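Report on the structure given below.
Numbers here simply count residues along the sequence, with the first being 1. Treat the numbers as computed from the prediction; the structure is a model and nothing was measured. Excluded from the calculations below are hydrogen atoms, water molecules and symmetry mates; all remaining heavy atoms, backbone and side chain alike, are included.
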Amino acid sequence: MQEGYDVTIVAGDSGKSAEIISNGLKFIHLPINKTGLNILEELKTFTYLYDLFGKERPDIVHLVGMKVILWGGLAARLRGIKGIISAVSGLGVMFSPEYCKGIKKLMSKGVLSVMRYIHRRDGAYCIFHNTEDLDLSVSNRITDRAHCIRTMGSGIDLTKYAYKEEPGQGKIRVLFTARMVEDKGVLVLIDAAERLRAQYGDKVEFLLCGGLETNPLAISKNRLEQLCDGVYIQWLGKRNDVHELLEQSHIFAFPSYYKEGLPKSCIEANAVGRPVITCDSTGCRDTVIDGKTGFLIPAKDSEALASRLKILFDDSRLRQEMGVNARKFAEATFSLEDVIGAHLEIY
């Protein structure tokens, strides 16, 4: 608003609408099922956005998330809106061989055709959080390189997420925050924890923080409760105090093999000063300097994860040194002000 823009947020209400409105922004609830594939629900979302854009006539639509980019971008293109910005925070399973089979392969081809229609024009730009997604979009002719912008994720408020020394007493806490789905690495982390139970069962706590999902790779509540004993491995469910949990932790583990954009959870852990262990895979690898701010491990490798965790369990000095380095890395790389500046330049 300070730059002269009249901003309206259109999104599903996750409980933040009052906060958005209190900051002087307009808020409109968007009917959307982020993971569903019901065609009637999808048409409802598209029709809603098409009607809304016809009524509001925005100069710019800024679309975040693949489903919103798909339906919002199509509605904006059909309505003749001049400025379309798509924030591609991760390509997910769109190009995954394991996912793109049979009818899903046909769906992916259809999605690609719509994405090309949306973006191959003047006034349409894509923001990417990693170079792999950018290159993949260009090679698949979703957009051309001249209309691509790379930012280091969504940035982090380095004042809010300030450095804090790790707790000096109690058990070592390993924190994981993500949706409870297999490709976020939940089961990999649990397997790594079990490999270390005999030696560290009374010295360490593994905290799994995240809500349940409905997609095909979702882990059920019953299975989580069977795998987590509530003491050594704890499933905390969905929480709104992740910042405090980070401050109370010693290590952040995120063995995701999902096609991440650039995981904000890892950026937040860096900013607070926690060593991060994550996969040497798209998006994740950009959040760690291997051996300096944490460790990169192969995807789906619980043995490698266990070995890196053991190193940090046994060496508090290294753990704290990596935490300090992680904070410096966040300050140099993930500043929210830099990301805001990039967005305003695009607008």
### Task
Kindly write out the residues that satisfy side chain to side chain donor-acceptor pair (under 3.5 Å) with Ser249, not counting sequence neighbours, or none if the list is empty.
none
## Note on the structure
Nearest heavy-atom contact between Cys266 and Phe254 is SG-CD2, 3.7 Å
Would you tabulate the side-chain donor-acceptor contacts of residues 335-346 under 3.5 Å, counting partners in other chains and residues two or more places apart, or write 'none'?
residue	atom	partner	partner atom	Å
Ser335	OG	Glu337	N	3.2
His343	ND1	Val339	O	2.7

### Test side chain to side chain contact (heavy atoms under 4.5 Å, CB included) applied to Glu268 - qualifying residues, sequence neighbours left out
Ile156, Tyr161, Val242, Leu246, Lys264
### Query
Hey, does the side chain of Asn140 reach the backbone of Ile142 with a donor-acceptor pair shorter than 3.5 angstrom?
no
### Task
Would you check if the side chain of Arg179 reaches a backbone N or O of Lys184 as a donor-acceptor pair within less than 3.5 Å?
no
### Query
Between Ile149 and Ile85, is any pair of side-chain heavy atoms under 4.5 Å apart?
no
Which atom pairs, donor and acceptor, lie under 3.5 Å between side-chain atoms of residues 216-227 and protein residues at least two apart or in another chain?
residue	atom	partner	partner atom	Å
Ser220	OG	Arg223	N	3.1

### Query
Does Arg195 pair with Asp191 as a salt bridge, N-O distance under 4.0 Å?
yes
### Message
Under the rule for side chain to side chain contact (heavy atoms under 4.5 Å, CB included), what residues qualify as partners of Ile28, not counting sequence neighbours?
### Response
Thr8, Val10, Tyr48, Leu52, Glu56
## Note on the structure
All heavy atoms of Ser139 vs all of Leu136, minimum pair found to be OG-O, 3.0 Å
### Query
Are any non-hydrogen side-chain atoms of Tyr257 and Val188 less than 4.5 angstrom apart?
yes
### Message
Between His119 and His147, does the side chain to side chain contact (heavy atoms under 4.5 Å, CB included) criterion hold? Intermediate values first, please.
### Response
CA-CA 9 Å; His119 295 107; His147 288 80; over 6 Å; no
### Query
Is Glu331 paired with Arg327 through a side-chain N to carboxylate O contact shorter than 4.0 Å?
yes
### Query
Nearest heavy-atom pair of Arg150 and Met152: which atoms, and what distance?
NH2-SD, 3.1 Å
Please list every donor-acceptor pair under 3.5 Å in which a side-chain atom of residues 58-69 meets a protein atom from a residue at least two apart or in another chain.
residue	atom	partner	partner atom	Å
His62	ND1	Tyr347	OH	2.7
Lys67	NZ	Asn33	O	2.6
Lys67	NZ	Gly36	O	2.6
Lys67	NZ	Glu42	OE1	3.4
Lys67	NZ	Glu42	OE2	3.0

## Note on the structure
For residues 187-217, the ring pair (Phe, Tyr, Trp, His ring centres under 6.0 Å) pairs (sequence neighbours left out) are Tyr200-Phe313, Phe206-Tyr232
### Message
With heavy-atom distances below 4.5 Å as the criterion, would you say the side chains of Met115 and Thr143 are in contact?
### Response
no
Output a table of donor-acceptor pairs, distance under 3.5 Å, between side-chain atoms of residues 286-293 and any protein atom two or more places apart or on a different chain; print 'none' if there are none.
residue	atom	partner	partner atom	Å
Thr287	OG1	Cys284	O	2.7
Asp290	OD1	Leu296	N	2.9
Thr293	OG1	Ile289	N	2.9

### Query
Do Thr278 and Pro263 touch side chain to side chain, with heavy atoms closer than 4.5 Å?
no
### Task
Check side chain to side chain contact (heavy atoms under 4.5 Å, CB included) between Asp51 and all other residues, then give those that pass, not counting sequence neighbours.
Thr47, Arg79
#### Entry: Test item: Val204 and Leu309 side chains (from C-beta on) under 4.5 Å apart, heavy atoms
no
### For Glu194, all residues meeting side chain to side chain donor-acceptor pair (under 3.5 Å), sequence neighbours excluded
Arg197
### Task
Please report the shortest heavy-atom distance between Val276 and Ala269, naming the atom on each side.
CG2-CB, 3.8 Å
### Message
Let me check something: do Val7 and Ile20 share a hydrophobic cluster, defined by ILVMFWY side-chain heavy atoms less than 4.5 Å apart, either directly or through other members?
### Response
yes
#### Entry: Neighbour count above 12 (heavy atom, 6.0 Å) for Asn38 CG
yes
#### Entry: Leu312 vs Ile277 side-chain heavy atoms within contact, under 4.5 Å
yes
### Task
Determine the minimum heavy-atom distance between Ile81 and Arg121, stating which atoms define it.
O-NH2, 3.4 Å
### Task
Kindly give the heavy-atom pair with the smallest separation between Ala124 and Ile118, and that separation in Å.
CB-O, 3.8 Å
#### Entry: Lys/Arg-Asp/Glu bridge criterion (N-O < 4.0 Å) met for Asp122, Lys82
no
### Message
My understanding is that only residues two or more places apart in sequence, or in another chain, count here; which of them pass ring-ring contact (aromatic ring centres under 6.0 Å, His included) with Phe252?
### Response
none
### Query
Can you tell if the side chain of Thr151 reaches within under 4.5 Å of the side chain of His129, non-hydrogen atoms only?
yes
### Message
What I'd like to find out is whether the side chain of Gln320 reaches to under 4.5 Å of the side chain of Ser316, using heavy atoms alone.
### Response
yes
### Query
Taking 4.0 angstrom as the limit, do Arg285 and Glu260 come out as a salt bridge?
no
#### Entry: Partner residues of Glu165 under the side chain to side chain contact (heavy atoms under 4.5 Å, CB included) criterion, sequence neighbours left out
Tyr163
### Query
Counting heavy atoms not belonging to Arg317, are there more than 12 under 6.0 Å from its CZ?
no
### Task
Could you grab the distance from atom OG of Ser17 to atom CD1 of Ile9, nearest 0.5 Å is fine?
11.5 Å
